[in-house]
Peer 1: 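The structure that follows is given in the form of structure tokens.
Counting convention: from 1, in listed order, for ligands and their atoms alike.
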Amino acid sequence: MRRDIVRRYRGNPILTRDAIPYPVETVHNAAVVKHAGEYVMLFRSHLRTGRSIIGLARSPDGFHFTADPQPFLTPAPDGPFAAYEEFGVEDPRVTFLDGEYLITYSAYSRNGVRIALAKTKDFSTLERFSLITQADYRNVVIFPAKFNGLYARLDRPHSEIAPWSIWISWSPDLRFWGESELVMRPVPYHWDEMKLGPGAPPIRTNQGWLSIYHGVFQTMDGSIYRLGIALHDLANPAKIIGVSDSWILQPEDPWEVTGYVHNVVFTCGAVAESDGTVKIYWGGADTVMCVGEADISDLVALCLDHSRPPT
Ligand code: BMA
């Protein structure tokens, strides 16, 4: 009998546009963290213009979410970010480090897509800190730790020459990033052969940093977005210990197979719990939010015992 590594919550989808108190077309690709005794979700929504904004929802248990009355982050009307957020803000990721939440998100404009970093301590005020990439980058996740005094992030530059791969970069101050290295590229004729991107900010385990990423395969019927996992070395996350040969989640439920973009499961966040499980949150078909649970030890074992070459 087949045993699913990610156990889908029976109440999926957990958040849809009908539950949002302002007009939106979708609710997807959300970051989730635990803050002050509740789960806080930052979710992306398309507007009828086709551009995206970021909303906030709260939950006592990680499954039942209520959206705040107003959006959390909308394109900057003026100042240094305005020119780069003109077409919308997308796909937030949140990392807790040194007493504050670091929020990375995609900033779209006529100048391409860049990643912006904003900070908050309480999810009521927000400080836009810096645009931390040039165009075209997406999927920046910051590690919740420093390494020899440096911050580390995984990211996914866009290239017409090489397959779209996962890179690592380092920073002394969260503003200036460099010493970049490619850490993981797609494997030809594999479920993630077309492109890869970091998903949820990495989770610390005794065996290494667990990174839940998305991988894309192109078919005659369009692209399929699935989730996979990789384990990075604890002391030096530029080194990959293992990458699961198989995906952990693929579009199967009707709201993952059909929607704004068909055949997509896409994660921007996961919450590790003290009982050894992890709640993984994903957008279904760029339209609704879903959640499932997995045992962290199962995910680590897949990376260690069922690994394929990282590059
Ligand atoms: C990616 C991003 C994601 C989206 C996915 C599937 O390139 O735009 O936000 O979920 O495509 O459409």
Peer 1: Look at ligand 1 and say whether Lys195 reaches it with a heavy atom at a distance under 4.0 Å.
Peer 2: yes
Peer 1: Answer side chain, backbone, both or neither: which part of Glu90 comes under 4.0 Å from ligand 1, heavy atoms only.
Peer 2: neither
Peer 1: Got Ile5 and Leu302 here, is their nearest side-chain heavy-atom distance under 4.5 Å?
Peer 2: yes
Peer 1: Above 12 or not: heavy atoms from other molecules or residues under 6.0 Å from CG of Asn148?
Peer 2: no
Peer 1: Any N or O of Asn29 that comes nearer than 3.5 Å to an N or O of ligand 1?
Peer 2: yes
Peer 1: In terms of the angle between their ring planes, are Phe96 and Tyr101 parallel, tilted or perpendicular, with boundaries placed at 30° and 60°?
Peer 2: tilted
Peer 1: NZ of Lys119: more than 12 outside heavy atoms within 6.0 angstrom?
Peer 2: yes
Peer 1: Identify, by atom number and element, the atoms of ligand 1 in contact range of Val261, meaning under 4.0 Å from any of its heavy atoms.
Peer 2: 12 (O)
Peer 1: Would you say that more than 12 heavy atoms from the other residues, nucleotides or ligands in this model lie under 6.0 Å from the CG of Asn206, or not?
Peer 2: no
Peer 1: If you have a sec, work out which protein heavy atom is nearest atom 10 (O) of ligand 1 and how many Å separate them, to one decimal?
Peer 2: Asp286 OD1, 2.6 Å
Peer 1: Considering only non-hydrogen protein atoms, determine which one is nearest to atom 2 (C) of ligand 1 and report residue, atom name and distance to 0.1 Å.
Peer 2: Arg138 NH2, 3.0 Å
Peer 1: Among all protein heavy atoms, pick the one closest to atom 1 (C) of ligand 1 and tell me residue, atom and distance.
Peer 2: Tyr225 OH, 3.4 Å
Peer 1: In the protein, which heavy atom is nearest to atom 9 (O) of ligand 1, and how far is it?
Peer 2: Asp91 OD2, 2.6 Å
Peer 1: Does even one non-hydrogen atom of His214 get within less than 4.0 Å of ligand 1?
Peer 2: no
Peer 1: More than 12 heavy atoms of other residues, nucleotides or ligands under 6.0 Å from CD of Glu179: is that the case?
Peer 2: no
Peer 1: Give a yes/no verdict on whether any heavy atom in His28 is under 4.0 Å from an atom of ligand 1.
Peer 2: no
Peer 1: Looking just at side-chain N and O atoms, do Glu256 and Tyr225 make a donor-acceptor pair shorter than 3.5 Å?
Peer 2: no
